[in-house]
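Accompanying notes for the structure given below.
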Amino acid sequence: MSYRITNLRDYANEYHKSVTSPEKFWSEIAEQFDWKKKWDQVLNWDFETPQVNWFENAELNLTENIFERLLPTHKNKTAIIWEPNDPEADSIKLTYGELFKAICKFANAMKSQGVKKGDRVIIYMPMVPEAAIAMLACARIGAVHSVVFAGFSASALADRINDCEAKMVLTSDGNFRGNKNIPVKAVVDEALNHSDFVENVIVLKRTGEKVKMTPGRDLWWEEVLEGQSEQHEAEVMNAEDLLFILYTSGSTGKPKGVVHTTAGYMVFTYYSFLNVFQYDADDVYWCSADIGWITGHSYIVYGPLLAGATTLMFEGVPTYPHAGRFWEIVEKYKVNQFYTAPTAIRALQVYGTEPVEKFDLSSLKVIGSVGEPINEEAWHWYHEHVGKGNCPLVDTWWQTETGGIMISPLAGITPNKPAHASLPLPGVQPVIVDAEGNELTGNNVEGNLCIKYPWPSMIRTTYGDHQRCKDTYFSSYKGMYFTGDGVKRDHDGYLRILGRVDDVINVSGHRMGTAEVENAIDEHPDVVESAVVGYPHEIKGQGIYAFAICDASDKSDQILEDEIKQLVRKIIGPIAKPEHVQIVSGLPKTRSGKIMRRILRKVASRDLSNLGDISTLLNSEVVEDIIKGANLD
Ligand code: WT7
């Protein structure tokens with residue numbers, strides 16, 4: 001654990017080193033891993049292209065760095081603790097030794113079905129250990145996994161399968177979530193009606209739900225495992241070979257496949273995990289995210305396991321069967337580090353402090369937050385009632401594209417400041433720029449957040465469309481990666497993230513592109529045009545508010561509103577369903593025909609005090625109509 005920073009001065013030294021000699025800094029950390037072949041060059045980069053190669057020409061397998069590297073010391077240590085949805089059901093503990101066997105077996109099983117290095121495999125599964133096993137088995141054989149959150153609809157799943165031309169889908173019969181039993185395989189079946197690439201579907205039995213198995217295509221998990229060896233020789237991977245693709249929304253319509261590669265991601269997730277959470281050898285660490293999101297990839301599976309940690313996976317939801325479920329789990333396993341999203345905190349805040357006080361949380365040493373700006377009220381509630389005022393709270397800012405935590409306090413080292421992500425991790429060089437791209441130095445400045453130097457776990461491309469990667473992230477400001485977030489550096493030099501500055505809405509920590517939701521709404525036969533904006537929502541952070549023109553429809557507004565909500569739910573999934581739909585006669589437009597979202601945002605936020613100058617609009621008369629019809633309850 002020599003790369004764990006232990007005090008503030010240490011942090012300052014390491015940060016300085018990481019900026020003045022980044023290659024030396026990262027190669028020293030990389031040295032402790034097992035490489036089949038060392039790199040020729042630590043970093044080769046050009047943000048214009050963009051092209052970023054870390055540990056160029058090195059060879060390795062990431063899973064060897066979890067298992068072969070750690071087994072001599074960690075064979076009997078618990079790697080994964082799995083807590084089921086139902087507190088009465090049996091939990092599972094897998095040691096590093098057992099997990100390794102399970103991964104090798106499943107790696108052999110996938111290979112026997114013809115999956116080869118470079119093939120894409122979709123993982124559409126509940127939060128069960130097999131999902132993590134599947135990810136690692138892919139990494140073992142060099143297949144590229146793409147985990148799709150099991151709450152996404154069939155058409156969202158089909159889009160992702162088709163975009164990466166997946167050869168295999170790993171799934172389950174159903175998914176226990178709270179008091180629901182959600183069909184999973186049935187969604188895959190529907191998605192595959194719109195896809196030609198998938199050769200096999202492997203189905204895990206979880207709920208016992210009856211499912212349709214298509215002969216020749218669908219196989220049971222236990223069936224493919226039969227007779228497979230528990231040994232597997234890891235595939236040799238290049239440092240820059242694809243590790244996984246994870247789809248995420250942006251300002252344009254179609255979700256993009258963010259590509260992460262092997263060595264840089266390994267080094268950075270390991271390093272950031274250890275330092276942000278200050279993990280000690282016998283700690284039990286729990287991140288409550290879903291593996292369908294980047295947080296689950298980097299900080300349930302890869303980072304913790306590379307650091308030899310015990311990582312807890314929870315199948316259920318925070319409020320089932322009661323609002324103290326999270327705290328019950330903390331008590332049960334004596335969790336030391338707990339990492340969740342502000343939306344979960346706000347949702348639990350509603351139930352008061354009684355459910356928190358019922359359980360013994362004295363094991364907690366560190367609490368963490370991720371996914372959206374944490375408001376001060378939630379920060380204080382979390383700090384006081386969960387952390388009992390004496391756990392450092394790490395507010396971690398990062399993105400699917402950054403692969404790992406970029407700006408965050410280091411637990412117990414960086415002084416806490418509510419609602420501030422605070423300082424960059426070593427190796428991360430954030431800059432604040434104004435609209436023209438000038439760097440704003442000094443304190444008390446506000447602008448757009450960019451990163452001006454490569455870090456090992458950064459996005460390499462958007463799958464199948466490199467130009468899109470360039471346009472989205474590397475074209476707004478010359479020579480920099482643009483995050484899409486606004487940021488403020490306060491008088492102490494601490495960074496506070498202000499939220500998205502683009503057309504992205506953050507609903508419960510999940511990123512939704514306005515264009516993506518609008519495209520779904522426009523599928524409704526009566527919708528002529530639509531516009532979607534975000535507005536402040538007490539629990540979700542932001543809610544989705546949709547405006548739609550349905551001129552010639554003979555349906556009532558109420559019916560249209562319901563149909564539109566259901567349609568979005570069906571096309572994208574429940575998380576994208578608008579909170580409000582308002583049928584309008586027109587949308588405010590500039591003379592060049594651009595929708596004035598600023599005005600719609602004001603209406604949706606019930607903030608009509610200062611609409612700004614609307615006289616330049618093409619159709620200023622619609623504004624009054626929109627205000628009158630607004631759903632402001
Ligand atoms: C966007 C990235 C990183 C994993 C979960 C979300 C927002 C994330 C914070 C934070 C303020 C945050 C940003 C970012 N965000 N963490 N601690 N404080 N904002 O991943 O879906 O890729 O979304 O989430 O706006 O750009 P994602």
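Just so you know, these numbers come straight off a predicted model, no measurement behind them. Heads up: numbering here begins at 1 and tracks the sequence. Note that ligands are numbered from 1 as they come in the structure, with each ligand's atoms numbered from 1 the same way.
Using modelled atom types, no side-chain atom of Thr310 and backbone atom of Val284 make a donor-acceptor pair closer than 3.5 Å. Side chain of Arg597 to main chain of Val532: a donor-acceptor pair is present (N/O by atom type, distance under 3.5 Å, no hydrogens or angles).
A distance limit of 4.0 angstrom between heavy atoms and ligand 1 selects the residues Ile294, Thr295, Val370, Gly371, Glu372, Pro373, Asp395, Thr396, Trp397, Trp398, Gln399, Thr400, Asp485, Ile497, Arg500, Asn506, Arg511.
Ring geometry, His145 versus His297: the interplanar angle falls from 30° to 60°, so the pair is classed tilted.
For Asp10, the side-chain contact (heavy atoms from CB on, under 4.5 Å) partners are Ile5, Thr6, Asn7, Glu14, not counting sequence neighbours.
Between Glu439 and Arg489 there is no salt bridge, since no side-chain nitrogen of the basic residue lies less than 4.0 Å from a carboxylate oxygen of the acidic one. The pair Asp607-Arg598 does not count as a salt bridge, with every side-chain nitrogen at least 4.0 angstrom from each carboxylate oxygen.
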